[in-house]
Structures are given as C-alpha cells and as structure tokens.
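Atoms within each ligand, like the ligands themselves, are counted from 1 in listed order.
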Amino acid sequence: MHYPYQITSLEQYHRDYRRSTEDPEGFWSEVAEQFQWRRKWDRVLQWNFREPKVEWFGGAQLNITENCIDRHLSGKGEQPAFIWEPNNPEDRVRVVTYNRLHKRVCQFAQVLTNLGVKKGDRVCIYMGMVPELAYAVLGCARIGAIHSVIFGGFSAQSIADRLEDAQAEYIVTADGAYRGEKVIPLKSVIDDALIGNRTVKKVIVYTRTRTPVSMIKGRDVWWEDEMEYAESQVEKDGIVSFPAVATDAEDPLFILYTSGSTGKPKGVVHSTAGYMVWTNYTFVNTFQYKPGQVHFCTADIGWITGHSYIVYGPLSAGATSLMFEGIPTWPDAGRFWDIVQKHKVNILYTAPTAIRSLMGFGLEPLKDKDLSSLQVLGTVGEPINEEAWHWYDEHVGHKQSPIVDTWWQTETGGVLISNLAGVTPAIPSWASLPMPGVQPLLVDENGAEITGNPASGNLCIRAPWPSILRTTWGDHERCRQTYFSTYEGLYFTGDGALRDEHGNYRITGRVDDVLNVSGHRIGTAEVENAINMHSDVVESAVVGYPHDIKGQGIYAYVICTNLRGSEEDTRKNIIQTVSRIIGPIAKPDRIQFVSGLPKTRSGKIMRRILRKIAEGETANLGDTTTLLDPGVVEEIKNGKL
Ligand code: 6R9
C-alpha cells in the first residue's frame, strides 16, 4: 500500500467517514503525518465560522514544493512528473521528470529572487498551458510568494482589476499562447492591462509563439535569459539546489479570482498546509490513484481544477500528470482520444461541457482509438446530465471504468462530494457521498436544517475541512458576508441539492446570481456591468437559460437609446464590448432588446420572470402583481428570441 490513507473498500469509507467527524483532529493528524514538515503542528484545528477564522495545523512549518518535488527525488527522480502534449500533435512531446522539475523550479525560484520577489509578494501569472506555467507556480511557492494565476481567456480590463486588487508587483507571462488554430497575444494583452498601473515592477516573458512583442526596458525581461543566468547560481558540480523557504501552515499559498453574485470578482485565498493535505487526500481517494498511472486532467491551470488536480494534488502524491496545451476539437474532435492512446492515460478528468460537445461529433472520432488504458473517468464543473454520463460510460469507458462525479468549488480547494472510483457506488448525475471530513446539510430559505430523506434544499457545510478558503483577498468582511452570513454558523455553497434515502447528494445548480457557462463561473452582475459600458445601453438584465452544450447560455435583456445602426450591429458591438471588458467566455449568447424591465415597486428587477421567459416557460410566470408595470412582461414575452 503506497498511500496509507487510501480508502479501499465501502466499509472503510464508512469507518473513515465516521472517524473523521467524531475525531477530526486525530484523523487529520494521522493523514498529515505522511507529509514532510519543517516543524510539526502545535494544534490540529481551531475554528469558528463567525469571523470566520479557520486554522489547520497551527504552528507547523513546511514548504509545499518540498512535498511536491524534493521528497520524490530519491525514489522517483527519473519518473515523469509532467507529460506535456503540445497544441499541435506533430510537435515534440515534453516529458518532465521529477529531477528536471526540481531543477526548473529551483531555477525559477532563483529568478524570482534575483528580481527582488520576496515571501508574501503577489505574482500574477498569465500564460498558456506550458510546463513553464507550472514552474512559475511552484517557483513562487518555493520562496513563499503568493501566486495568482489568471486564465488566458480573460481580457486586459479583467487582468487590470485583478492586478489592482491583489496589488501585484510581478507578472509572469508569455509572448503568446496556442489554442487550436488561434494564437493569443498574451504579452500585448498584459501591456494593455498595465496602462495606468503603478504597482507592477517586473514582467517576465516566456517565448512560446514568437509573436512580436514590445519589451519595456527596466520592466520587461525574458524568461530564457533569466533562467540561463539562474542556472549557474543553482547548479554547482551537477548538484542542483535552491533552499525552499519555510512557510507557516496558514501562510497564503495563492489567490484565485472567481465570480460571485456581485459585479466584482473576489480573490479566494487558500493557505498552505490544509490545501496540500486536502488536494493530496482527495486526489488519492477520489481517483484511487496508483503509483505509475498517468493522470490527465483536461482543465486549464487558470482555474481551481488545474491548480488542485494538475499541479498540487498529483505532484504531492508523486504522480504523473499530463498537461495538454490545446483544445479538445483541434485538429479534430478525436484529440482527447488520440492523447489517451498516445500516452496510455489511465485517469481522464474532464467537464460535462466537453463531453457534450464531443458527443455532438458522433462516434466517428472514437473509431479505432485504443482507450484500453483508461481505468477511471471523472467529471467536474457543473451537473452532468444522464445522457452525457451514459455516453461517457459507454463510449469512452466501455463500461469498464468507474465515473467519479466530483462536486466542489474554487472556495473549497478540492473535492467535497464525490463517489470514490470503484470503491463507493457511482450513480448517474449524482455526486453522491461526502468525503471524510465533509459534513454537508440542506437548509430551507429560512435557514432551518432539513432533516430526513429524501430532501431538497440549499447546500451548506457544517464544519471546516482542511482546504476551505481562509479569506477573500483584502476584504475579509466580504468573505464573511458571502459565505458565512446567509445561514448562521454554516458555510453556504450557493448551490441547491437533493438528497436521497441513502444520503447521496445530487447538485442541481446555483441558487444565486451566478451562471455556469461551459463549466466557467460567471456572475450576472459582471456581465450586466460590461454590457452597460456600451454607449447605447441604458440598462440590462442577464439570466441563464438551458444550453445543450454549454449547460447554461447567457441571455441578456437590453434597453438601448437611439439604436444608431441596425439591431444586428448593436448586438455585435455589445458582444464585442463584453469580450473586451471581461473576456470571450462571458459573451452573451442571446440579446433581446426591450423597452423596459420587469421591476418591483422598490426597483428590484424580477429575474425569476426573466429567467422563465429565457427558458421558454412563458405560460406560467407566477405572481406578477407586485410589478410596477406588468405590461412590460407581455412585451418581453412577445419579443422572445
Ligand atoms: C471545481 C469548480 C463551482 C460551481 C459549484 C457548482 C458547479 C462543480 C459540480 C458542479 C454539479 C458537479 N459544480 N462541480 N455542479 N456537479 N460535479 O468547478 O469550481 O469554477 O468555482 O465552480 O460549479 O455550481 O458551485 P468553480
């Protein structure tokens, strides 16, 4: 047995679950014993959800990169940590062994140090899916700098807001990134984001696409030059070393921005020790990882799934993590299957939206693909519909590979509710059972717990697990407000859920004003703010509607003055505006021009009605008598796209 805390039977799951709730401190200290510490903890857990304040392994010191890299070097130095599959399948694959990863991370930690980066400084990373992105993340962690990765699809404006909020002084980026046929000019987006910025001191630029860039003297430096210089500093007589900084268990490891129901994304802060223990524990248990297996998580490291299940979870477990630069549909819709065959992938972890999109291409792209290496399949990001579940099961897993439906959030750091592959039962469309250490409950609108089964309500968690968010960067009150104030003494997830007779959970989706478009979280208020930037727009209201592939599509009701061009042109312009302000992922799928919005007498937009109309359920709109002007509802209904 390689991971003493790996759950191998249903009985053990129940036993461990019970123990984790009865004696959380004993349970988690035993798991934590399996990691490398500079100093052990004085106390395992202290918490209250009032402030909130959560502290795991208080008093302990560690460096997470020693756990993710150094401790594997003696036994697994020549084993691949990363296998990197380039965007273009004809290009060279890169295999990064643990030894090589160690060297690159030491080098990059030295680069950061040379440029003046210190423990606690914020480093923003805006890159495509190249191994250097992982080196940058881990290089930060090695010196205790706080990384904040921004997904390559975000606009200059979004980056500027995040840089400002995090008060970041350093940026790591690339000249460009490949995504299918497209080249994203990352450095030039960064240049735009930096107009008017006063905090950023250095920008490190990695060469990937040879896209022409302008370099500002004194501010912008080339990755390659800096790495070469650092090499001679960290390598002496063939021995590589860069002493990792000891961080406190509760030192922030990273900030990751995510959307909520207000207009401004919040910087979710994860701390070091709890996050490490949880991502490792859930990786090993959810996927039932066995040493030597190849784990392919198709997410981008710009999202939490990539942080936890491409980088930290797999590496801390000494696993081989496959990193893919491109997209599932290029050069054709068989790309995932080619990758599985080429690298003998054992675990495939992807999103329902990707499955649905590939389903749309039929079975042809799967023909003659050898998927026999697959042993475990996983999904994340949104509820998986039964049709997609069965397609995944039949045509990808050939009914031989258990599917884990993993429910979790940026704020939770790692998986909270999921079946364990081949150990606890898989039920199509059900995330099923909580991980040990997770105590979910359902509450009604008044905050009263719904006991008894079956049940349906708002999903909350009763007590902290090791990787619960600690704060939202620079605004602790916002963290309290958003997650800990709706229901007193509970963490509120923002999701609704069903529970069956056996205690299995089925997540039904967000109950707040957050959309889930292709597995990406987007706040309706954010999209509205962006639409309102358009000079012809007076007001707008955004809701989600069911979309066959994306899960949810974005439906915008827009009031315009003096429509100058045609409606079509204005639509295009509005879409461009949103793309410029937030990024292409937030583009509305449908825009309906209206002369008014359904508002209550107190001026609140009744989104419930707009949602129903967008869903096409115009027959039963419920009570509209509280509306200021019930007439607008008729107009909107009649104009529905
Ligand atoms: C990891 C991640 C979180 C929201 C979450 C929920 C939805 C995620 C799900 C799921 C049903 C699943 N969600 N996994 N819904 N079943 N297996 O996706 O984080 O981007 O923060 O999104 O995604 O609505 O609240 P994040």
Side-chain angles (χ1 to χ4, degrees), residues 149-151 153-154 254-261 265-270 275 278-279 282-283 286-287 297-310 312-313 349-356 377-386 388-389 392 403-420 426-435 438 440 458-461 467-469 472 482-483 486 491-499 504-524 544 550-552 585-586:
V149 184
I150 301 179
F151 175 62
F154 278 114
F254 64 85
I255 307 171
L256 187 58
Y257 284 85
T258 190
S259 295
S261 36
K266 17 175 206 287
V268 168
V269 177
H270 280 290
Y275 177 81
W278 191 257
T279 51
T282 52
F283 172 72
T286 308
F287 303 106
C297 166
T298 70
D300 189 289
I301 294 177
W303 307 108
I304 190 69
T305 305
H307 281 62
S308 301
Y309 299 109
I310 296 177
Y312 289 110
Y349 189 31
T350 193
T353 188
I355 299 169
R356 287 191 301 263
L377 304 177
T379 79
V380 61
E382 45 171 328
I384 180 162
N385 48 312
E386 292 199 26
W389 195 98
Y392 200 28
I403 298 177
V404 289
D405 179 351
T406 66
W407 172 81
W408 57 294
Q409 313 177 293
T410 304
E411 296 85 344
T412 71
V415 174
L416 291 201
I417 303 182
S418 173
N419 52 312
L420 311 181
I427 315 164
S429 299
W430 288 70
S432 80
L433 296 171
M435 298 298 291
V438 177
N458 289 349
L459 181 63
C460 294
I461 317 281
S467 71
I468 186 173
L469 85 160
T472 46
T482 314
Y483 307 105
T486 318
Y491 167 81
F492 176 42
T493 63
D495 280 319
L498 309 175
R499 188 175 55 214
N504 291 300
Y505 286 86
R506 176 182 192 150
I507 316 300
T508 46
R510 303 290 303 197
V511 295
D512 53 9
D513 292 322
V514 173
L515 307 180
N516 193 325
V517 181
S518 300
H520 302 323
R521 261 168 80 167
I522 298 169
T524 52
K550 298 178 176 186
Q552 271 188 312
I585 55 172

What distance do Y275 atom OH and S308 atom OG have between them, rounded to the nearest 0.5 Å? 2.5 Å
Classify the contact between I304 and ligand 1 as side chain, backbone, both or neither, using a heavy-atom distance cut-off of under 4.0 Å. side chain
Can you sort out which atoms of ligand 1 are near N516, meaning under 4.0 Å from one of its heavy atoms? 7 (C), 23 (O)
Identify, for atom 16 (N) of ligand 1, the protein heavy atom at the shortest distance, and state residue, atom and that distance. E382 O, 3.4 Å
Can you tell me how far CD1 of I585 sits from CD1 of I522, rounded to the nearest 0.5 angstrom? 5.0 Å
Closer than 4.0 Å to some heavy atom of I507 - which atoms of ligand 1 meet that? 11 (C), 15 (N)
Heavy-atom nearest pair, N419 first then S432, reads N-OG, 3.1 Å
Any G381 heavy atom less than 4.0 Å to ligand 1: yes
Among protein heavy atoms, which sits nearest to atom 21 (O) of ligand 1, and what does the distance come to when rounded to 0.1 Å? T410 OG1, 2.5 Å
Between atom CH2 of W303 and atom CD1 of I150, what is the distance when rounded to the nearest 0.5 Å? 11.0 Å
Looking only at protein heavy atoms, what sits closest to atom 11 (C) of ligand 1 is P383 N, 3.1 Å
Specify the protein heavy atom at minimum distance from atom 22 (O) of ligand 1: its residue, its atom name, and the distance to 0.1 Å. R521 CD, 3.2 Å
Under 3.5 Å between some N or O of ligand 1 and some N or O of Q409? yes
Using the ring-ring contact (aromatic ring centres under 6.0 Å, His included) rule, take F154 and Y257 through it: C-alpha gap first, then chi angles, then the decisive distance, then the call. CA-CA 11 Å; F154 278 114; Y257 284 85; 9.5 Å; no
Quick check: does any side chain N or O of D495 sit under 3.5 Å from a backbone N or O of T508, one acting as donor and the other as acceptor? no
Proximity of I384 to ligand 1 by residue part, where a heavy atom lies under 4.0 Å: neither
Please report the interatomic distance CD1(I310) to SG(C297), rounded to the nearest 0.5 Å. 4.0 Å
Distance under 4.0 Å to a non-hydrogen atom of T305: what atoms of ligand 1 satisfy this? 1 (C)
Any N/O of R510 closer than 3.5 Å to an N/O of ligand 1? yes
Nearest non-hydrogen partners of Q409 and I304, listed with the distance: C-CG2, 4.3 Å
dist T279:OG1 -> Y312:OH (nearest 0.5 Å) comes out at 9.0 Å
State the atoms of ligand 1, each with its element, that fall below the 4.0 Å cut-off from a heavy-atom position in D405. 12 (C), 16 (N), 17 (N)
Taking 4.0 angstrom as the limit and counting only heavy atoms of V380, give me the atoms of ligand 1 inside it, by number and element. 1 (C)
Considering only heavy atoms of D495, which atoms of ligand 1 have at least one such atom less than 4.0 Å away? 5 (C), 6 (C), 24 (O), 25 (O)
State the atoms of ligand 1, each with its element, that fall below the 4.0 Å cut-off from a heavy-atom position in T406. 9 (C), 12 (C), 14 (N), 17 (N)
dist I255:CD1 -> K266:NZ (nearest 0.5 Å) comes out at 14.5 Å
Taking a cutoff of less than 4.0 Å between a non-hydrogen atom of the residue and any ligand atom, is W408 in contact with ligand 1? yes
Any side-chain heavy atom of L469 sitting closer than 4.5 Å to one from Y491? yes
